[in-house]
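Given the structure is predicted, the values throughout are model-derived calculations rather than measurements. Every number for a ligand or one of its atoms is a count from 1 in the order of the listing.
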Amino acid sequence: MKKIAVLTSGGDSPGMNAAIRAVVRKAIYNNIEVYGVYQGYQGLLNDDIEKLELGSVGDTIQRGGTFLYSARCPEFKEAEVRQKAIENLRKRGIEGLVVIGGDGSYRGAQRISEECKEIQTIGVPGTIDNDINGSDFTIGFDTALNTIIDCVDKIRDTASSHARTFIIEVMGRDCGDLALWAGLSVGAETIIVPEVETDIKDVAEKIDNGIRRGKKHSIVMVAEGCMSGEDCAKELTKYINVDARVSVLGHIQRGGSPSGADRMLASRLGGHAVDLLLEGKTAIGVGIRNNELTDTSFEEIFRSNEHKFDFETFALANELSI
Ligand code: ADP
């Protein structure tokens with residue numbers, strides 16, 4: 001293996017730069033040339049590809065976002081379009097491609113490895129949603145979690161001054177992990193996630209009981225994949241007369257300097273991706289399980305339903321918020 005390329009695709013997440021840096025440095029350490037593809041699969045099609053040097057990734061480990069930029073490229077689902085991308089890699093003699101992104105990005109990489117046997121592809125899980133099978137954690141999840149905690153701690157100050165109920169809508173797409181982890185970490189009264197059916201009447205009763213007991217405020221953490229914060233507020237006020245305010249944290253959750261945990265994860269996974277390319281592996285997503293580096297085929301990642309929701313911790317959160 002003499003030349004590889006790296007790209008970031010789909011929704012960005014804090015720590016993507018640290019992952020690119022690890023890929024670039026580990027490859028150069030192993031005498032492999034590295035090319036950066038700008039704007040994800042769109043850049044592969046547009047031939048927006050540039051050789052990266054050791055210095056190209058200097059001063060990036062602490063930066064949020066991705067210096068290679070990210071883009072959505074719907075036409076990449078078409079085989080003829082992908083041929084153009086493959087050609088742009090082949091003409092440079094690139095034999096390996098590291099794709100940092102979510103499961104949509106993995107599908108693009110899987111297609112490339114199916115359609116061109118000379119190009120090995122490895123996926124690195126980069127998304128705040130923590131929704132990729134084969135890895136306990138994805139790059140960006142921990143930073144987003146800490147951003148939410150920071151925001152809710154501030155909201156809590158004003159919530160208690162005015163004895164209000166705050167409904168916080170957080171990201172995560174169809175995965176409730178961000179809402180669960182953030183909800184438990186901020187001591188939310190209720191956590192609403194797509195994985196668990198919730199009766200809003202019960203939520204209203206819990207808030208009401210709290211107010212009767214003299215609680216100054218309540219925090220309800222809602223995962224966007226379950227319902228919007230606004231809908232949650234509307235439903236709640238059907239049952240109780242409560243001063244409910246909604247905060248939709250939005251894209252603030254995707255930004256910021258990556259946490260220590262995300263820098264570590266990104267560095268380890270990026271380095272592991274290069275190791276797998278050197279071993280001749282392809283169509284594999286790297287991950288971490290019980291703090292051990294793992295490799296899972298794309299096929300298995302798409303087939304299994306393994307990234308299971310942590311119902312035990314969800315139950316604990318309920319027990320701690322009585
Ligand atoms: P994420 O990687 O965060 O899940 P998307 O689902 O938007 O984000 O996917 C990112 C990009 O991956 C898409 O814009 C497209 O270029 C590519 N992609 C997604 N699904 C496929 C697919 N089935 N086949 C080929 N490429 C795909």
Side-chain angles (χ1 to χ4, degrees), residues 5-17 19-20 23 37-49 64-66 68-89 97-116 119-135 137-141 143-144 170-175 177-178 194 223-225 250-251 253-255 258 262 265-266 269-270 273 282-287 296-307:
V6 56
L7 61 81
T8 48
S9 165
D12 68 336
S13 69
M16 279 185 161
N17 281 326
I20 301 166
V23 170
V37 181
Y38 291 91
Q39 314 224 13
Y41 292 121
Q42 193 61 54
L44 261 194
L45 296 182
N46 298 348
D47 207 18
D48 197 357
I49 301 172
T66 157
L68 288 178
Y69 306 111
S70 187
R72 293 214 153 82
C73 176
E75 63 267 39
F76 207 74
K77 291 182 184 164
E78 294 159 31
E80 320 83 76
V81 172
R82 285 196 297 271
Q83 274 312 309
K84 206 173 146 204
I86 289 170
E87 199 34 53
N88 285 335
L89 291 171
L97 175 67
V98 177
V99 170
I100 304 165
D103 56 354
S105 305
Y106 280 19
R107 284 185 193 278
Q110 186 187 36
R111 297 276 170 274
I112 291 174
S113 57
E114 281 165 3
E115 289 158 12
C116 178
I119 299 174
Q120 296 164 232
T121 61
I122 304 289
V124 175
T127 163
I128 65 164
D129 301 330
N130 211 37
D131 60 351
I132 303 199
N133 294 333
S135 191
F137 296 105
T138 57
I139 298 164
F141 174 72
T143 308
V170 295
M171 285 182 165
R173 293 203 300 182
D174 296 327
C175 179
D177 282 16
L178 263 183
E224 65 175 0
H251 281 79
Q253 296 163 93
R254 292 244 293 257
D262 274 330
L265 183 63
L269 295 183
T282 187
I284 280 176
V286 293
T296 312
S297 70
F298 286 148
E299 214 184 325
E300 180 68 20
I301 286 172
F302 299 138
R303 189 179 43 218
S304 81
N305 199 15
E306 207 198 305
H307 191 89

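Under a 3.5 Å cut-off, the side chain of R254 and the backbone N or O of I128 do not form any donor-acceptor pair. Listed for the N130 side chain is no donor-acceptor partner under 3.5 Å among the backbone atoms of F141.
In this pair, Y38 and Y69 present their aromatic rings tilted. The plane angle is within the 30 to 60° band.
Relative to the six-membered ring of F302, R107 meets both conditions, a distance below 6.0 Å and an angle of at most 45° to the axis.
With respect to E300 and R303, a salt bridge is recorded, a charged nitrogen being found less than 4.0 Å from a carboxylate O.
With hydrogens and angles left out, the side-chain atoms of D12 and T66 include no donor and acceptor closer than 3.5 Å.
Listed by chain and number, S9, G10, G11, Y41, R72, C73, F76, K77, R82, G102, D103, G104, S105, R107, G108, R173 each place a non-hydrogen atom less than 4.0 angstrom from ligand 1.
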